[in-house]
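Structure first, commentary second.
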Amino acid sequence: MAKFCLLFLLVLLPLVSAQLRRNFYSATCPNVEFIVRNAVTRKLRQTFVTAPATLRLFFHDCFVEGCDASVMIASPRNNAEKDSSDNLSLAGDGFDTVMQAKAAVDAVPGCRNRVSCADILAMATRDVINMAGGPFYNVELGRRDGRISSASRVGGKLPQPSFNLNQLNFMFASQGLNQTDMIALSGAHTIGVSHCTRITNRIFNFDPTLNRNYAMQLQQMCPRNVDPTIAINMDPNTPRTFDNIYFKNLQQGMGLFSSDQVLFTDPRSRATVNQFAANKQAFEQAFVAAITKLGRVGVKTGNQGEIRRDCSRFN
Ligand code: HEM
Ligand SMILES: *[C@@H]1O[C@H](CO)[C@@H](O)[C@H](O)[C@H]1NC(C)=O
Ligand SMILES: CC(=O)N[C@H]1CO[C@H](CO)[C@@H](O)[C@@H]1O
């Protein structure tokens, strides 16, 4: 019996505490989801960029060092995670959303310094998806904030727009996400923008998988030597609505990146694209399952990490 207790303490307890759960803050800050949602609503009213910026920030955070808000860390010497070349295009409104929601949470006496930045980002992400027309889902909580944030550790951990299906599958699989998860999560490109510089090669080299008319439109919007700050919508049809039109675009050869279009071009993933294009509920269900899995990647729980007082600084 004593042996079993020891086994439990040493082996099983850490596993138990490593679980995220709904209502993690029910005793400490019962209204946290309501508070975050209000802050996100206010921020979204100021600018729609809030939605895509927050969603992409969550993805980048989770894929490098786990969902631990390490991407939020500011760096006087430009060497933190957010300064890596892949993060340079993260829109500031995602960071601002988390800062505002954190301020709102901390304004409530009982909640002050009790809720992690990582959880606030996870809640805000759920909220922007829903407010942009996507599904509502219960968000798992209990993440702690990470103590490492380094640009040099980002390399090779984020997918590139030039990736083929094997490369995408390999990278997502290394974070515990299967091909269906990867395809569903790619549906996040139903909102938001890309800088022209990301697609120059593709639109001027006549990628045969790219719709001819769409290619011509893209060449007009993104001429050679375009101002590198110019960005275009990734879903040309409903850029501000979280819907399944992204998958219908792929069927038309209107995926913006190679990594988008390949999901339809490659026969191994085409059936799933067709399913999500035909059935919004199927897409939403798969997306919720996948983003819930994404939210578990590399999380710190229990007494690992910290609850940051300022999301952009280690305590
Ligand atoms: C599958 C591999 C993926 C690749 C190769 C990829 C690549 C990119 C690139 C190159 C951009 C444009 C950045 C810019 O020029 O500003 C972008 C934007 C975006 N990505 Fe992805 N991404 C992938 C998956 C995801 C996932 C899984 C999510 C979220 C669940 C996501 C969410 C977004 C959002 C919302 C934007 C728009 C950001 C904005 O408007 O500020 N992406 N992505
Ligand atoms: C992929 O993961 C999802 C859950 O996110 C699951 O429903 C599905 O069965 C998995 N697919 C495969 C082929 O393992
Ligand atoms: C070098 C640097 O800090 N790049 C950017 C990373 O992302 C944030 C948020 O948008 C920007 O403010 C930084 O300029």
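Values below: every heavy atom of this structure, side chains too, minus hydrogens, waters and symmetry copies. Note that the coordinates shown come from a computational prediction; the quantities given were computed from them, not determined experimentally. First listed ligand is number 1; within each ligand, the first listed atom is number 1.
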Proximity winner for atom 7 (C) of ligand 1, if only heavy atoms of Met234, His189, Arg198, His60 are counted: His189
The atoms of ligand 1 lying under 4.0 Å from a heavy atom of Leu168, numbered in the order shown, are 1 (C), 2 (C)
Do NZ/NE/NH1/NH2 and the carboxylate oxygens of Glu306 and Arg147 come within less than 4.0 Å? yes
Just which atoms of ligand 1 are under 4.0 Å from any heavy atom in Ser186? 1 (C)
Exactly one of Asn38, Asp93, Thr50, Thr97 should register a side chain to side chain donor-acceptor pair (under 3.5 Å) with Lys43. Which one does? Asp93
Min N/O separation Val193 to ligand 1 under 3.5 Å: yes
Listed once per pair and sorted, the disulfide (SG to SG under 2.5 Å) pairs that draw on residues 212-307, sequence neighbours left out: Cys196-Cys222
Contact region, Ser194 to ligand 1, non-hydrogen atoms below 4.0 Å, reads both
Linking I/L/V/M/F/W/Y whenever their side-chain heavy atoms sit closer than 4.5 Å, directly or via other members, would Phe24 and Val98 fall into one cluster? yes
On the 0 to 90° scale, with breaks at 30° and 60°, tag the His189-Phe257 ring pair as parallel, tilted or perpendicular. perpendicular
Salt bridge check: are Lys280 and Glu284 linked by an N-O gap of less than 4.0 Å? yes
Closer than 4.0 angstrom: is that true for some heavy atom of Phe172 and an atom of ligand 1? yes
For ligand 2, what N or O to protein N or O distances fall under 3.5 Å?
residue, atom, partner, partner atom, Å
ligand 2, 2 (O), Asn178, ND2, 2.4
ligand 2, 2 (O), Lys293, NZ, 2.9
ligand 2, 5 (O), Asp181, OD1, 2.6
ligand 2, 5 (O), Lys293, NZ, 3.2
ligand 2, 11 (N), Asn178, ND2, 2.8
ligand 2, 14 (O), Asn178, ND2, 3.4

Taking the basic N atoms (NZ, or NE/NH1/NH2) and the acidic carboxylate oxygens, is any pair closer than 4.0 Å for Lys102 and Asp106? yes
A student checking ligand 1 against Gly192 at a 4.0 Å heavy-atom cut-off should list atoms 37 (C), 40 (O)
Contact with ligand 1 for Ala231, non-hydrogen, under 4.0 angstrom: no
Between Phe257 and ligand 1, find which residue part has any heavy-atom pair under 4.0 Å and reply side chain, backbone, both or neither. side chain
Residues Arg22, Glu140: salt bridge by 4.0 Å N-O rule: no
Before signing off on this row, confirm whether Gln160 and ligand 1 have an N or O atom pair separated by under 3.5 Å. no
Provide the number and element of each atom of ligand 1 under 4.0 Å from a heavy atom of Pro161. 5 (C), 10 (C)
Any donor-acceptor N or O pair under 3.5 Å, side chains Arg37, Asn130: yes
State if Phe163 counts as touching ligand 1 under the rule of any non-hydrogen atom under 4.0 Å. no
Less than 3.5 Å apart, any donor N or O on the side chain of Ser70 or Glu81 sitting next to an acceptor on the other? yes
Looking only at side chains, do Asp243 and Thr241 share a donor and an acceptor under 3.5 Å apart? no
For His195, take its heavy atoms, then give the atoms of ligand 1 lying under 4.0 Å from any of them. 14 (C), 15 (O), 16 (O)
Side chains of Tyr25 and Asn31: any donor to acceptor distance under 3.5 Å? no
